[in-house]
Number of protein chains: 2
Amino acid sequence: MYRQIAEDLRAQIEVGQLPPGARLPTEIELRETYDASRHTIRDAIKVLTTQGLVETRPGQGTFVVERISPFVTTLTQVVGSDGSGEGSPYIQEVVAKRRLPRASDVRVEIRRVDHRIARELQLNVEDTVVSRHQRRYIDEKAWSLQTSFYPMWIIEQGAARLIQASNIEQGTVDYLKTAIGAEQAGWRDTLTVRMPDSDEARFFGLPDYGRVSVIETRRTAFDRQGRRIRLTVSVYPADRNEFAVNVGDIPADAEDPASSAPGQETGG
Amino acid sequence: MYRQIAEDLRAQIEVGQLPPGARLPTEIELRETYDASRHTIRDAIKVLTTQGLVETRPGQGTFVVERISPFVTTLTQVVGSDGSGEGSPYIQEVVAKRRLPRASDVRVEIRRVDHRIARELQLNVEDTVVSRHQRRYIDEKAWSLQTSFYPMWIIEQGAARLIQASNIEQGTVDYLKTAIGAEQAGWRDTLTVRMPDSDEARFFGLPDYGRVSVIETRRTAFDRQGRRIRLTVSVYPADRNEFAVNVGDIPADAEDPASSAPGQETGG
DNA sequence: GGGTATTTGTCCGTATGTATT
DNA sequence: AAATACATACGGACAAATACC
């Protein structure tokens, strides 16, 4: 029965009778229209909440969620030097899509690696790495969390700026090349989807439980000798991010539709 | 208070006191241990359910979920002819990872395109396409749903097998090349995360509401002249799938860890 | 197959707290 | 300060699914 009510409300939302941002009738009003107890009404709304169709705000009401205009990250793209790098490469990437980027200061730590990072960077579990953490915003909205891990030998070879808590404007990929000659020859990304932990949920402003999951990308970068020079772990909320992969020869107008066309309609 | 109970149970799960597959105390037992009403206990368990930590089975109890061994799809990979193709390319890809593949028969339809497909294939909304739909299983478990759309001119040029409801063993990419000389020069993938619709939830056996979302990939393929020759929409449940992207020069042992190493430990 | 006990699912009622307007 | 609306907690009753005898 609460399913029936949820289904009925869902239909109203999808038809457009309840457009995005609209307020649903209050629980008491719904209780009367469906002749059910308030608890049953709440169960129905909880279904819609976990499906991401509505959100409740205490003291205000229940509202149809408005979809956030997604930002598309192209994983195969080499922007300047590195599509997911620090500093200007990241800024350039976002500006190219006509969005407003902002990044927090970098938080630098020297840590022992855990088991998983050790495996991906081919280190031993006793080894230490430099981690550089940054929070990123687009259009003043929390957009992603990023942490890069660099093996210690990179710093020992002379890349001292990695342990300074300041942005590397040229981008870390470019810096590593000029500083110690470690050129990024390629990388491997792995994408997984999971539920956010409490820190992530707070930072991204995600509803306390349920609904929005996060996408975690892990980028292992290699130099020309096949050495692991970096592992970058990025976390993106799934409700405002998409990813693209370009392979082989594709037309220029298909490579990055958002950069060339302002709106949804590309006029094909 | 229900958050407190949920937090307490979550801690027990993460410490390993309640290992994957274990049954939690019944609601009545928990009611006594926490001195709360059954409703409050149920709210606590609902939190864990939406976080994907536990699942409830009517008549049996509440169990700690067991993580499914994920299948990694490499989006940049060219297996035989096409990593996400029909027929033997798909089979090869799964067998290479030491898993057991199975695919349903192909369901073929001739349909008018909707607005979104028209845009991605650069067709008009009145145009028709051939759609080929397939359900895929790995280790006898529902794994993905795939639908490919081909513009009508491809069939008119002689690719008649596309409108036959049978697998194309050599793979459709290879078939299009040999049949009408339309060689796949490249493609663009777009990945989004969303909640499953009811059909998808049923097919994948996902919990009725909440938790597990699906990953939708849309692959637009181009021939040497930059023409759109195919749009493939695939839907994967996020709890058993990962994606990988390889770019540039990377060491052979990093390209596809699952194919070369049997277990989790690659011995780095 | 049938019956019974167990366990979760659904529905009702009520009261109070908290956030917002 | 008051009104509104959702959040949390208590209580009970019956239904549905499963397991076991």
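On a predicted model such as this, the values are computed, not experimentally measured, just so you know. Chain letters run A, B, ... following the sequence lines, proteins first, then strands; residues in each count from 1.
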Specify the separation, in whole Å, of atom [atom1] of [X] and atom [atom2] of [N].
X: B/Q4; N: D/dA7; atom1: CD; atom2: C1'; answer: 17 Å
X: A/R23; N: D/dC6; atom1: CZ; atom2: P; answer: 7 Å
X: A/L30; N: C/dC11; atom1: CG; atom2: P; answer: 15 Å
X: B/H39; N: D/dA9; atom1: NE2; atom2: C1'; answer: 8 Å
X: B/I41; N: D/dG12; atom1: CD1; atom2: C1'; answer: 17 Å
X: A/I28; N: D/dA5; atom1: CD1; atom2: P; answer: 7 Å
X: A/Y2; N: D/dA15; atom1: OH; atom2: P; answer: 17 Å
X: A/K46; N: D/dC6; atom1: NZ; atom2: C1'; answer: 11 Å

Practice prompt. Check for a donor-acceptor pair, side chain of B/R42 on one end and backbone N or O of B/E27 on the other, with a separation under 3.5 Å.
Written response: no
Under a 3.5 Å limit on both distances, the Watson-Crick or wobble mate of C/dA15 is D/dT8
Do the side-chain N or O atoms of [X] get closer than 4.0 angstrom to the phosphate oxygens (OP1, OP2) of [N]?
X: B/R3; N: D/dT8; value: yes
X: B/Q60; N: D/dA19; value: yes
X: B/T56; N: C/dG9; value: yes
X: B/T62; N: C/dT8; value: yes
X: B/T26; N: C/dT6; value: no
X: B/T40; N: D/dC10; value: yes

Check your understanding: How is A/R42 classified with respect to the nucleic acid when contacts are heavy atoms under 4.0 Å: base, sugar-phosphate, or nothing?
Key -> base
Report task. Have a look at B/R31 and say if it touches a base, only the backbone sugar-phosphate, or nothing, with a 4.0 Å heavy-atom cut-off. Result -> nothing
Kindly indicate whether a cation-pi arrangement holds for [X] with [Y], taking the cut-offs as under 6.0 Å to the six-membered ring centre and within 45° of the axis.
X: A/R57; Y: A/F63; value: yes
X: B/R240; Y: B/F71; value: no
X: B/R99; Y: B/W143; value: yes

| query | Do other residues, nucleotides or ligands put more than 12 heavy atoms under 6.0 Å from the CD1 atom of B/I68? | reply | yes
Legend entry - Side chain of B/E27 - closest among C/dG9, D/dG11, D/dA7: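 It is C/dG9.
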B/M1 has its side chain closest, among D/dA9, D/dA17, D/dC6, to D/dA9
Which is more 5' along DNA chain C, the nucleotide nearest B/G61 or the one nearest A/A36? Just name the residue.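 With B/G61 and A/A36 compared, the 5'-side residue is B/G61.
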Point to revise | Side-chain heavy atoms of B/R107 within contact of B/Q134, under 4.5 Å | key: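 Result no, sub-4.5 Å side-chain heavy-atom pair not found.
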Q.
What I want to check is whether an N or O donor and acceptor connect the side chain of A/R38 with the base of D/dA5 at under 3.5 Å.
A. no
